[in-house]
Structures are given as structure tokens and as C-alpha cells.
Enquirer: 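Have a look at this one before I ask anything.
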Amino acid sequence: MKTLVLVSHPRLADSTSQQFLKASLPPQNVTWEHLESQQKFDVDREQDQLRQADRIILQFPLYWYAAPAGLKQWEDDVLTRTFVYGDHRFPLADKELGIVVTTGMPEKAFQRGGAEGLTLDAALAPLAAVAARAHVRWLPTFPIYQFAYLEEPEKLQLVVDYQRYLTQAQPDSLEQRQSWFAHKLPAMIDQLPPEQQATGRLIQAEFDQQKDDIEALADTLAMIKEQEDD
Amino acid sequence: MTEQAEWLHTQIETLASQQAQFTNRAFWLALDKLVAEQDRRNDQLQGEVDGRSWRPDRW
């Protein structure tokens, strides 16, 4: 799967969350681009990148219940009517669109009656409408609330949750999570120092066994349920 | 948690603590959480299989 990450942030170098996310990028199959660092968008190149991606990620801080102006400029320049839907070819159809949004307020603020008074889904409605028009599949958003207050265990978790959001098949079920880790494990074991590799392989064997056991139990259960229907 | 799961958790935790790079440590710790989830799901599925198999009306 090819993922295109488009970051909109007017002061990227000053943003600890964006620097953290950049350092967390999966090593392969991800293209990362900062929108504000381009004086003028090369529309053909941008559209070509979109055509080639399987999953498109828009990543930005929430400014006044919307993305920064740079993303809107990119939309207005790159997402031309003909490109998105005008000639009925829908080049973005069946691709996935994910939103990684950072907020200065906590999760509980984003609900009716909360300090912000609206949900993130409501704030992101215009982007969802663009996705619908382009026949792009909208993924559940990936919000990062108050990055500055995260403790180390939460940051460690964020690294992998973010990587999975960029590259793991949807929906985010146990089955898909298992496949994602199973796919990554061999390379991670190879990276270990020689004296740790045996432990790595043992862990993988146990993990695979658990995965197989769960599949077998799920099959048995499906059979029982089928018989109950008779 | 089963003894096997406990053992696996310790192995992964130890391996994670030996990783110098933050993103590598993150991977093993996230795997540890997934293994705990596998263990829970296994328990639940086993319980459901047992429960549904218990059909005195079909004796």
C-alpha cells in the first residue's frame, strides 16, 4: 500500500508534534510532503501523487475548527473540478482519506456541551464532503489531543498507532492488527542485535500460535452458530 | 492471564527495554499490548464455544 502524507503547518520547524510524527513515519511506502514549504503548487505533480497513492493522509493542527490556510490553498489549486469529478472518471475513487489532526484542547472538549461545543467530525465536515464528491473512502479520523501533555508511555503508543493509521488495512480490527504486526515482525527481528534475535523469534512463534488459535476458535464458533440456525 | 501469556509478556517487555531507538521500543511495547488483547480474545472465544456447546435440550 502506498500512502501519501500531506502536512499543513505554517511553522513546521516549531511544532514538536509534527516533528515527532515525522520521526515516527514508517520506513517504506510513505511519501511525506509539507504544503507550506512550496511557494506555488505544481498542480500536475500534486495530482499525479494523489493518483498513485492508495491512502491519502491530511495532517494538520486544528485552527479555529478547520485546517490551516495552507491546506485550503492546496485544495483550491490542486483539487480542480475536472480532476475530482468533472469528467466523470473519478481518478481518486476507492482511495482512502485519513485525517491526522492535532488539537490544543482535550478530547472531552469536542462534544456538545464541551468547551469547544462541537465534535471533530462536525468541524471536518467540509473535508468529508470533498471526499464524498471524489468517491474517496473517508477513514475514521486520527486525533491527537494535547500532544504537549503526553507522557512517555503514551508517546510510545502514539508512534505505532500513527504508523498503523498510515499503513494498516481498515477496519482497525484485531485481525487487521495481527496481520500488520505479523508483516512487520520479521524485519524487526532482523534489526535486533544477534544476541536478542533468538528471543525475537520465540516471541514471533508464540504470537503466530496465538493468532492461529484465535482463528481456529473463531471457525469453530462459526460452525456452532451455523448449526444453531438449523 | 495464563502462564504462557505471562511468560510472553515478560519476554517482550525485556526485549523492548533493551532497544535504544525510541521507535523500535515503541514497536515491541505495542506488540505486548496486542498479545494481551489476543489472550483476552482467546479467553472470550473459548468461553463462548463452551457456552454454546452446553445444550442440555439436545441431550
Side-chain angles (χ1 to χ4, degrees), chain A residues 20 23-27 152-164 173-182 184-185 187-189 191-193 195-225 227-228, chain B:
Chain A
F20 180 91
S24 303
L25 287 174
E152 180 159 300
E154 295 159 332
K155 283 186 177 163
L156 283 159
Q157 184 66 40
L158 177 59
V159 170
V160 175
D161 286 347
Y162 177 66
Q163 291 183 345
R164 291 195 302 104
S173 58
L174 175 60
E175 197 183 343
Q176 302 290 10
R177 282 193 284 283
Q178 288 183 138
S179 300
W180 189 85
F181 276 90
K184 295 268 281 189
L185 259 169
M188 291 304 292
I189 293 169
Q191 272 186 36
L192 293 171
E195 68 276 12
Q196 294 170 10
Q197 292 203 357
T199 309
R201 279 193 295 272
L202 264 178
I203 292 170
Q204 182 178 18
E206 266 308 309
F207 169 78
D208 288 343
Q209 184 62 52
Q210 285 250 46
K211 185 166 169 280
D212 292 348
D213 288 352
I214 289 172
E215 273 164 29
L217 278 168
D219 286 349
T220 307
L221 201 53
M223 239 164 54
I224 294 174
K225 284 182 181 171
Q227 283 167 0
E228 282 174 353
Chain B
M1 203 189 268
T2 61
E3 216 170 282
Q4 190 70 2
E6 194 87 53
W7 173 86
L8 188 56
H9 165 65
T10 313
Q11 295 295 316
I12 299 177
E13 216 178 30
T14 309
L15 194 66
S17 68
Q18 290 165 340
Q19 304 313 308
Q21 203 179 319
F22 194 77
T23 48
N24 288 348
R25 197 152 83 241
F27 175 84
W28 293 104
L29 288 173
L31 181 69
D32 192 27
K33 283 203 178 149
L34 181 66
V35 164
E37 190 184 351
Q38 280 182 321
D39 194 46
R40 268 198 314 278
R41 184 69 62 92
N42 202 312
D43 257 11
Q44 290 161 348
L45 286 171
Q46 189 67 61
E48 191 176 349
V49 167
D50 290 351
R52 284 182 186 269
S53 308
W54 178 251
R55 298 284 300 271
D57 57 318
R58 299 245 171 129
W59 283 3

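The model shown is predicted, which means the values in this text are computed figures rather than measured ones. So that the names make sense, note that chain A is the first sequence line, chain B the second, and so on, each numbered from 1.
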Enquirer: State, yes or no, whether a side-chain contact exists between Arg177(A) and Glu37(B) at a heavy-atom distance under 4.5 Å.
Expert: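 Yes, side chains in contact.
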
Enquirer: Quick one: pull up CG in Asp219(A) and CG in Leu45(B) and give me the separation to the nearest 0.5 Å.
Expert: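 It comes to 10.5 Å.
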
Enquirer: When rounded to the nearest 0.5 angstrom, what distance separates CD in Glu206(A) from CD1 in Ile12(B)?
Expert: 9.5 Å

Enquirer: Can you tell me which portion of Leu31(B) sits under 4.5 Å from chain A's heavy atoms? Options are side chain, backbone, both or neither.
Expert: both

Enquirer: Identify whether the distance between the nearest side-chain nitrogen and carboxylate oxygen of Glu175(A) and Arg41(B) falls below 4.0 Å.
Expert: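 A salt bridge is absent here (no side-chain N lies under 4.0 Å from a carboxylate O).
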
Enquirer: For the pair Phe20(A) and Phe22(B), name the ring-plane relationship: parallel under 30°, tilted 30 to 60°, perpendicular over 60°.
Expert: perpendicular

Enquirer: For the side-chain contact (heavy atoms from CB on, under 4.5 Å) test, which of Gln38(B), Gln46(B), Gln44(B) pairs with Ile214(A)?
Expert: Gln38(B)

Enquirer: Which answer fits Leu158(A), side chain, backbone, both or neither, if we ask what part of it has an atom under 4.5 Å from a heavy atom of chain B?
Expert: neither

Enquirer: Does the pair Gln196(A) and Gln19(B) meet the rule for a side-chain hydrogen bond (donor to acceptor under 3.5 Å, both in side chains), with working shown?
Expert: CA-CA 10 Å; Gln196(A) 294 170 10; Gln19(B) 304 313 308; 2.9 Å; yes

Enquirer: Using a cut-off of under 4.5 Å on heavy-atom pairs, state which of Val160(A), Leu221(A), Thr199(A) scores highest against chain B.
Expert: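 Highest number of heavy-atom pairs under 4.5 Å: Leu221(A).
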
Enquirer: Relative to chain B, which segment of Gln191(A) carries a heavy atom at a distance below 4.5 Å: side chain, backbone, both, or neither?
Expert: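 Looking at Gln191(A), just its side chain touches chain B.
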
Enquirer: Relative to chain A, which segment of Leu29(B) carries a heavy atom at a distance below 4.5 Å: side chain, backbone, both, or neither?
Expert: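 The side chain, not the backbone.
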
Enquirer: For the atom pair CZ (Phe207(A)) and CG (Leu8(B)), what is the distance rounded to the nearest 0.5 Å?
Expert: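 One gets 10.0 Å once the value is rounded to the nearest 0.5 Å.
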
Enquirer: Taking only residues two or more places apart in sequence or in another chain, which ones pass salt bridge (charged side-chain N to carboxylate O under 4.0 Å, His left out) with Asp161(A)?
Expert: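 So Asp161(A) forms a salt bridge (charged side-chain N to carboxylate O under 4.0 Å, His left out) with Arg164(A).
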
Enquirer: Side chains of Glu48(B) and Lys225(A): does their closest heavy-atom pair fall under 4.5 Å?
Expert: yes

Enquirer: Do Leu192(A) and Leu15(B) pass the side-chain contact (heavy atoms from CB on, under 4.5 Å) test, and can you show the C-alpha distance, the side-chain angles, and the key distance before you say yes or no?
Expert: CA-CA 9 Å; Leu192(A) 293 171; Leu15(B) 194 66; 4.0 Å; yes

Enquirer: For Glu3(B), which residues count as a salt bridge (charged side-chain N to carboxylate O under 4.0 Å, His left out) partner, sequence neighbours excluded?
Expert: none

Enquirer: Heavy-atom pairs under 4.5 Å with chain B - which of Leu185(A), Leu174(A), Thr220(A), Ile224(A) has more of them than the others?
Expert: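 Counting heavy-atom pairs under 4.5 Å, the top option is Leu174(A).
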
Enquirer: Tell me, side chain or backbone of Gln4(B) under 4.5 Å from chain A's heavy atoms, or both, or neither?
Expert: side chain

Enquirer: Side-chain contact test, heavy atoms from C-beta onward, threshold under 4.5 Å: evaluate it for Leu202(A) versus Trp7(B) and give yes or no.
Expert: yes

Enquirer: Tell me the closest heavy-atom pair linking Ala26(B) and Val159(A), and the distance in Å.
Expert: CB-CB, 3.7 Å

Enquirer: Give me the atom names and distance for the closest heavy-atom approach of Val35(B) to Gln210(A).
Expert: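 Looking at all heavy atoms of both residues, the shortest contact is O-NE2, 4.0 Å.
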
Enquirer: Go through Lys33(B) and Gln157(A) one step at a time and tell me if the side-chain contact (heavy atoms from CB on, under 4.5 Å) criterion holds.
Expert: CA-CA 9 Å; Lys33(B) 283 203 178 149; Gln157(A) 184 66 40; 2.9 Å; yes

Enquirer: So which part of Tyr162(A) gets closer than 4.5 Å to some heavy atom of chain B, the side chain, the backbone, both or neither?
Expert: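 Neither; nothing under 4.5 Å.
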
Enquirer: Determine the option with the most heavy-atom pairs under 4.5 angstrom with chain A, choosing from Thr23(B), Asp39(B), Val49(B).
Expert: Val49(B)

